[in-house]
Amino acid sequence: MSIADRIIVPLDVQTRQAALALVDFLPQVSFWKVGLELFVSEGPQIVRELKARHKRVFLDLKLHDIPNTVAGACRSAAHLNVDLLTLHATGGRRALQDAQAALVEVQGENPQTRLIAITLLTSLNARDLAFDLKVPIELPQYALEMALLARDCGLPGAVCSPHEAAQLREVCGPDFLLVCPGVRPTWAAKGDQQRAMSPAEAFKAGANYLVIGRPITTAPDPAIAFQRICEEVDG
Ligand SMILES: O=c1ccn([C@@H]2O[C@H](COP(=O)(O)O)[C@@H](O)[C@H]2O)c(=O)[nH]1
């Protein structure tokens, strides 16, 4: 798979028009992420439109609720045939297991929709984890524990920052899918991302896919920014 096919670009816009304008402007992007901003305003129809354009879709809903509700949402997402779907690992063992079971129920063994667990949002740092969230273990260990919980519950992968990717890759094995947001080329602003790394470093650390948004979507020319990132990774 080419580097371009391993970069997922988020459609963090509010309207169908803005989303499809970006998709049409960047035909070289094959994998798009639909997150809360777009899904809340446009609903599942935007996913169907992306699929009709033969795009892969990462539905980043970051589900976090009781097991019955999370499983129901997964069942609905499974009918959309999205390629990736997120939920928070902190929903707990039962929610993770029931969510994965719901996908299997709709799509059969080996579901096309790969359910991946958020370990710890990339906008948080060690201080936030310790002092605000009151989690008494080190951040890398916490991210690893969340990934192991997900794996133990039968999920095929996790979302982590590139900072934790090498450790997760080593412990969780070569087949565990690692999707990393919080990726920043040296020439882009970090914004609210607190555990950022460059695209080349993130792939080297073991990420399967990178999620790169604002460095591309707010660039004066998103096509040039995307191309530049691919070239920087290819070295
Ligand atoms: O831990 C997480 C989980 C998801 N995201 C999402 O990825 C993109 C990142 O966008 P940038 O513009 O490259 O910062 C965004 O849609 C987030 O919702 C994340 O950043 N961290």
Side-chain angles (χ1 to χ4, degrees), residues 6 8 10 33 35-36 58-74 77-78 82-104 111 113-184 192-197 201-213:
R6 294 172 62 195
I8 303 171
K33 184 170 88 68
L36 290 169
F58 173 5
L59 186 56
D60 187 18
L61 295 184
K62 299 189 184 70
L63 303 168
H64 196 198
D65 210 317
I66 61 170
N68 184 57
T69 305
V70 166
C74 287
V82 295
D83 299 276
L84 293 174
L85 175 67
T86 47
L87 82 178
H88 280 281
T90 47
R93 183 175 296 276
R94 178 80 190 278
L96 294 170
Q97 287 171 339
D98 289 4
Q100 181 64 26
L103 291 180
V104 170
T113 300
R114 287 188 285 179
L115 186 62
I116 53 177
I118 307 280
T119 53
L120 180 70
L121 291 171
T122 55
S123 54
L124 299 171
N125 62 23
R127 192 219 156 274
D128 300 324
L129 186 69
F131 292 98
D132 295 340
L133 304 185
K134 311 288 184 207
V135 174
I137 60 173
E138 297 294 325
L139 190 155
Q141 186 63 29
Y142 178 77
L144 178 60
E145 296 293 348
M146 292 302 104
L148 288 172
L149 173 64
R151 194 186 63 162
D152 205 37
C153 292
L155 270 65
V159 177
C160 64
S161 102
H163 284 257
E164 296 92 52
Q167 191 191 7
L168 265 61
R169 172 63 62 227
E170 193 187 329
V171 178
C172 299
D175 298 332
F176 197 65
L177 193 71
L178 293 180
V179 177
C180 292
V183 178
R184 287 292 182 267
D192 50 2
Q193 296 290 358
Q194 298 219 60
R195 310 199 311 283
M197 232 185 220
E201 288 169 328
F203 277 129
K204 218 173 287 160
N208 298 95
Y209 291 97
L210 306 184
V211 178
I212 310 179

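Along the sequence shown, residues are numbered consecutively beginning with 1.
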Is there side-chain contact between [X] and [Y], with at least one heavy-atom pair below 4.5 Å?
X    : Y    : result
L155 : L96  : yes
V179 : L210 : no
L85  : C74  : yes
I116 : L177 : yes
F58  : V82  : no
I212 : I8   : no

Taking [X] for the side chain and [Y] for the main chain, is one N or O donor matched with an acceptor at less than 3.5 Å?
X    : Y    : value
R195 : E164 : no
R169 : G206 : yes
R93  : Q97  : no
T86  : L61  : yes
N208 : L178 : yes
Q141 : E138 : no
H88  : T119 : no
D128 : N125 : yes

Q: Indicate yes or no: does K134 engage D132 in a salt bridge with an N to O separation below 4.0 Å.
A: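 Salt bridge between K134 and D132, a charged N being under 4.0 Å from a carboxylate O: no.
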Q) Checking side chain to side chain contact (heavy atoms under 4.5 Å, CB included) for the pair D60/L36: CA distance, chi angles, key distance, verdict? A) CA-CA 7 Å; D60 187 18; L36 290 169; over 6 Å; no
Q) Stepwise, does the side chain to side chain contact (heavy atoms under 4.5 Å, CB included) test hold for L84 with T113? A) CA-CA 5 Å; L84 293 174; T113 300; over 6 Å; no
Q | Pair S123-D192, side-chain donor/acceptor within less than 3.5 Å | A | no
Q.
Can you tell me if R94 has over 12 outside heavy atoms packed within less than 6.0 Å of its CZ?
A. no
Q) Where is the tightest heavy-atom contact between A71 and A102, given as atom of each residue plus distance? A) O-CB, 3.4 Å
